[in-house]
Structures are given as C-alpha cells and as structure tokens.
Student: 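Dropping a structure here in structure tokens format, bear with me for questions.
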Amino acid sequence: MSSYTKQDIMRMVEEEDVEFIRLQFTDMFGTLKNVAITKSQLGKALDNQCMFDGSSIEGFVRIEESDMYLHPDLDTFVTFPWRPQQGKVARVICDIYRPDGTPFEGDPRYILKKSLAKAAEMGYQFDVGPECEFFLFHTDEDGCPTTLTHERAGYFDLGPVDLGENARRDMVLTLEDMGFEIEASHHEVAPAQHEIDFRYGEGLATADNIMTFKLAVKTIAKRFGLFASFMPKPKHGVNGSGMHINMSVSKDGKNIFCDESDELGLSQEAYYFIGGLMEHMKGIAAITNPLVNSYKRLVPGYEAPIYIAWSATNRSPLIRIPAARGEATRIELRCPDPAANPYLALAVCLAAGLDGIGQKIKPPAQVKANIFHMGKEEKEALHIEPLPSNLQEAVEEMKKDSLVKRVLGEHIVERYAEAKKAEWEAYQEQVTDWEINQYLYKV
C-alpha cells in the first residue's frame, strides 16, 4: 500500500485537475456518507479541520455533543473514473474524531482498527477476500428501482442470455481504474444476479474496498438504466445475495492456517479459529446479517447456509475450507450478506477467530454430508445448531455474547440494538400481501 503525504495529495489534485474532494465515512449501519469540498479547502481537510454535525447521522451522538471531525486516511485517495475528466472528483476515506482529539467510539472503521491492532499485538495480519453478489433490476419511468428484469440467465451464463454482461464489464473496468485487482466476474444462479470478485487484502483495506465497490457498481448500473441492489433477498423463490468472507491470518509473512502434515492441510490455529467462529456465530449474526430481510435469505433450498457447522468437502455448512492449500489456505464464512457493515463484520469475525486461538476452542468434527438432507434427530445427534431465525433473535444473541459486546463497544451495541429492535417492531406491524392472499377469503 502507498504511504501518501499531504504534499503528495496536494500535488495529485493539481496534476490530475481535481476540483472536488469527497470526504467519505460509513455510519453504523454500513451506509456511505460524505462531505464534498473544493480543492481550495483541501489544506484544511488534510489538517483534520473539517467538522460535521454528528447528531444528524443515525446512531452517532446526541445534539448536545454533535461536533465531529473528519481525519482523512491519505492512502485512500482516488479519483472517480465516472466523473467529468475536467474538474475531476476524488475521494478520501476518513476516520471520525471527537473535538478533544480522541477517536469516536461509534465509528465502525475505528472498531475494525481496534480488532486489527489486537491481532497485530499477537504478531498477526488479517487478510480477507470477499465475494460480493448483487442484482441488476430495471428502473421505472421515474428512475425509481423495481425488482423487474427481462433476464432468464443462470449460473455462469453468458451473453446474449446474460443481459447484464455489458454493465458488468464496465463495472470491472471502472474498478480496475480505481486500483482494484479483479479476479473474476460472472452471472450468478438467479436471473439478474451477478458476482464480481476482487483480490484479497489486509482487513482495513478490504472493508474500504467493499464500500467503494458498492458505490462503483451502483453508479455504473445507473448509467445503463439499471439499479444495482445489494438487498439480501429481493425476490421470493430465487437465491438471495451473499457476501462470503474468505479469511486468513499470517505471521512473519507466513499463512498460519497451513500445515501440510495435517490430514486436511490445516494447522491447529486454523481449527481453533474455526472453533471461535462457531462459538460466537449466534452473537455475530446480527452484524453479518443485519436486516429483517437477511433472514429471508437464510432458509433451506437456496444454497444459503443456516447451520453452524464446518466442512472441507461440502457447501451446506456455515464454514467451508476451500480446496487451495499452502499460502492460499483460508476459512470461508458463508452466512454474511452484502447489507452488512464490512467494518463491523470483519471486526467481530476476527475477534471471534482470535478468541478461538487464545482459548484453544476446538471445533466439532467436520460435517461431510449435506446438512439440508439430514433429519432433526441426526442434526441433534451431531450437535448442529441453526443460526438465529430472525433479526429479533439475532439481536438478543448479540446482547448475550460478551466478546461481541466488548468488540463493538457499549456505544454501538446500545444504539445498534435499539435501532434493530425498532426495525423488527415496524416489520411486525406490517400486513403483507402473503397474509391477504392466505387469510382474507378464509376468515
């Protein structure tokens, strides 16, 4: 990663004819925010003097403690390829600080930085490769998103059946212009569903990249008259969208999950990391699967994992060990969806894995059979438990998990739980089309 100085940023702004700079940050719920400044204000921004009203951001602070400062991370500076080439627009991702110069405890980026710092104290580097899925839907005559598509393509199909192929191509080229290394892109299982995979990286950089990825994908989709949705389950009866997280940990430049002498090629640390994830999975679910809609994806029949188990041979468990070994050995967590705040999701996953290593939590034996084909008694005999079945259960599990609460901190736990409780209660009050169709004529 580059290490830019203030002078580097000032020079690049001049040389690249940048006129506007967006100071970006992410709120507690994974929504990207920004304050735009002109280059005349860049010096002030680089001196950490740009202030905003934190009370206007949901889940941040009360009005009587609203002043917040944006501290740009200079290494995140990049220009937007889709903006005009004269008077360009650039962005820089910021950390959020209080007026007294201390990091704001409600800043998701700060939460991840703390988890990464703890790993660094143990001599570890946390690397992550996400697999981000999304849908491309039509917009209506007013430009508003719908869930409509003319497409009927399936897994790995190509044009002309894949009607989103050209849009996906431009997304890949745009992301490469922004410094991404794209490893693969393809049509996914459901009609209008797509996946673009970019190369793994260090935890903080990957979380930043996920936020940038979603912005770029949505922007390019709009150019094609389409709407890119990262909603976990936008349509009934088809697969939902996941964001599988591939994790590895290295020490002194060596992947600690690899052990060629082991039957599965896994080290003891890898098994402990798996054990930690499984131990805390119920408490993590409210973060990795943060919406009411997230749990419409986590149902049998659509490839989404709902059982807390692991395997090196099949995809039905929650945790899978992909076939690659050596330095490519990694642990894939398959339940997260793209609505998750990547900073919080990676923070709790890393902390759970490190807790497994620290406490030497041994996972149960891997599950080689398809869990979806098992009966209730067979799952109980193997002690295979499901994830929380809805958002309310997930939030209650989060509040019971001391590790998750410690990682997120009191500020985020309280406000996150309060907001998600309100979301669940609002959902519970709705009268859905299903209820009308099911009951209206019967009662």
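Along the sequence shown, the residues carry numbers beginning at 1. Just so it is clear, the structure is predicted and the values come from calculations on it, not from any experiment.
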Student: Taking Ile371's backbone N and O only, do any of them form a donor-acceptor pair with Ser316's side chain (distance below 3.5 Å, no angle check)?
Tutor: yes

Student: Between Glu151 and His187, do the side chains contain a donor N or O and an acceptor N or O under 3.5 Å apart?
Tutor: yes

Student: Take atom CD of Glu260 as the centre, draw a 6.0 Å sphere, and report whether it contains more than 12 heavy atoms from other residues, nucleotides or ligands.
Tutor: no

Student: For His244 and Glu332, which I'm curious about, is there any donor-acceptor pair between the side chains at under 3.5 Å?
Tutor: yes

Student: For Asp8 and Thr5, test the side chains for any donor-to-acceptor distance below 3.5 angstrom and give the result as yes or no.
Tutor: yes

Student: Check whether more than 12 heavy atoms from other residues, nucleotides or ligands sit under 6.0 Å from atom CZ of Phe227, and answer yes or no.
Tutor: yes

Student: Against Ile412, only a single residue in Val407, Asn341, Leu344 fulfils side chain to side chain contact (heavy atoms under 4.5 Å, CB included); can you say which?
Tutor: Leu344

Student: Test side chain to side chain contact (heavy atoms under 4.5 Å, CB included) on Asp262 and Ser267 and set out the steps.
Tutor: CA-CA 7 Å; Asp262 179 72; Ser267 68; over 6 Å; no

Student: The test is side chain to side chain contact (heavy atoms under 4.5 Å, CB included); show your working for Arg98 and Tyr69 and say whether it passes.
Tutor: CA-CA 6 Å; Arg98 290 187 176 275; Tyr69 285 85; over 6 Å; no

Student: Distance-only, no hydrogens or angles: does the Asn246 side chain make a donor-acceptor pair with backbone N or O of Gly129 under 3.5 Å?
Tutor: yes

Student: Hey, can you tell me if Phe230 and Phe134 have their rings parallel, tilted or perpendicular (30° and 60° cut-offs)?
Tutor: tilted

Student: Do any N or O atoms from the side chain of Asp73 and from the backbone of Ile93 form a donor-acceptor pair under 3.5 angstrom?
Tutor: no

Student: Is the number of heavy atoms from other residues, nucleotides or ligands under 6.0 Å of Glu418 CD greater than 12?
Tutor: no

Student: Under the 3.5 angstrom rule, does the side chain of Tyr343 hit a backbone N or O of Asp27 as a donor-acceptor pair?
Tutor: no

Student: Donor-acceptor check, side chain of Gln49 to backbone of Asp47, threshold 3.5 angstrom: yes or no?
Tutor: yes

Student: With no hydrogens and no angle check, is any side-chain donor or acceptor of Ser115 less than 3.5 Å from a backbone partner on Ala347?
Tutor: yes

Student: For Ser241, run the side-chain hydrogen bond (donor to acceptor under 3.5 Å, both in side chains) check against Glu133, Lys233, Gln193 and tell me which one passes.
Tutor: Gln193

Student: With distance as the sole criterion, is a donor-acceptor pair present between the side chains of Asp337 and Ser294 under 3.5 Å?
Tutor: yes

Student: Tell me whether Arg325 contacts the main-chain N or O of Leu264 through its side chain, where contact means a donor paired with an acceptor under 3.5 Å.
Tutor: yes

Student: Are more than 12 heavy atoms, taken from residues, nucleotides or ligands other than Lys114, located less than 6.0 Å from that residue's NZ atom?
Tutor: yes

Student: Between the side chain of Glu327 and the main-chain N/O of Asn255, is any donor-acceptor distance below 3.5 Å?
Tutor: yes

Student: Does the side chain of Asp95 come under 3.5 Å of the side chain of His71 through a donor N or O and an acceptor N or O?
Tutor: no

Student: Between Leu333 and Leu318, is a side chain to side chain contact (heavy atoms under 4.5 Å, CB included) present by the stated rule, with each step listed?
Tutor: CA-CA 6 Å; Leu333 184 64; Leu318 191 81; 4.0 Å; yes

Student: Once you measure the plane-to-plane angle for Phe198 and Phe180, does it fall in the parallel (<30°), tilted (30-60°) or perpendicular (>60°) bin?
Tutor: perpendicular

Student: The criterion is side chain to side chain contact (heavy atoms under 4.5 Å, CB included); which residues satisfy it with Lys118, sequence neighbours excluded?
Tutor: none

Student: Thr79 and Arg91: side-chain donor and acceptor closer than 3.5 Å?
Tutor: no

Student: Would you say Arg83's side chain and Ala90's backbone share a donor-acceptor pair under 3.5 angstrom?
Tutor: no

Student: Any carboxylate oxygen within less than 4.0 angstrom of a Lys/Arg side-chain nitrogen, looking at Lys379 and Glu385?
Tutor: no

Student: Assess, by modelled atom type and distance only, whether the side chains of Glu435 and Asn437 contain a donor and an acceptor separated by less than 3.5 Å.
Tutor: no

Student: Is Asp208 paired with Arg109 through a side-chain N to carboxylate O contact shorter than 4.0 Å?
Tutor: yes

Student: Can you check side chain to side chain contact (heavy atoms under 4.5 Å, CB included) on Cys349 and Leu346, steps first, answer last?
Tutor: CA-CA 5 Å; Cys349 286; Leu346 296 189; 5.5 Å; no

Student: Measure up the Phe80 and Trp82 rings against each other and bin them: parallel (under 30°), tilted (30 to 60°), perpendicular (over 60°).
Tutor: parallel

Student: Distance-only, no hydrogens or angles: does the Glu378 side chain make a donor-acceptor pair with backbone N or O of Met374 under 3.5 Å?
Tutor: no

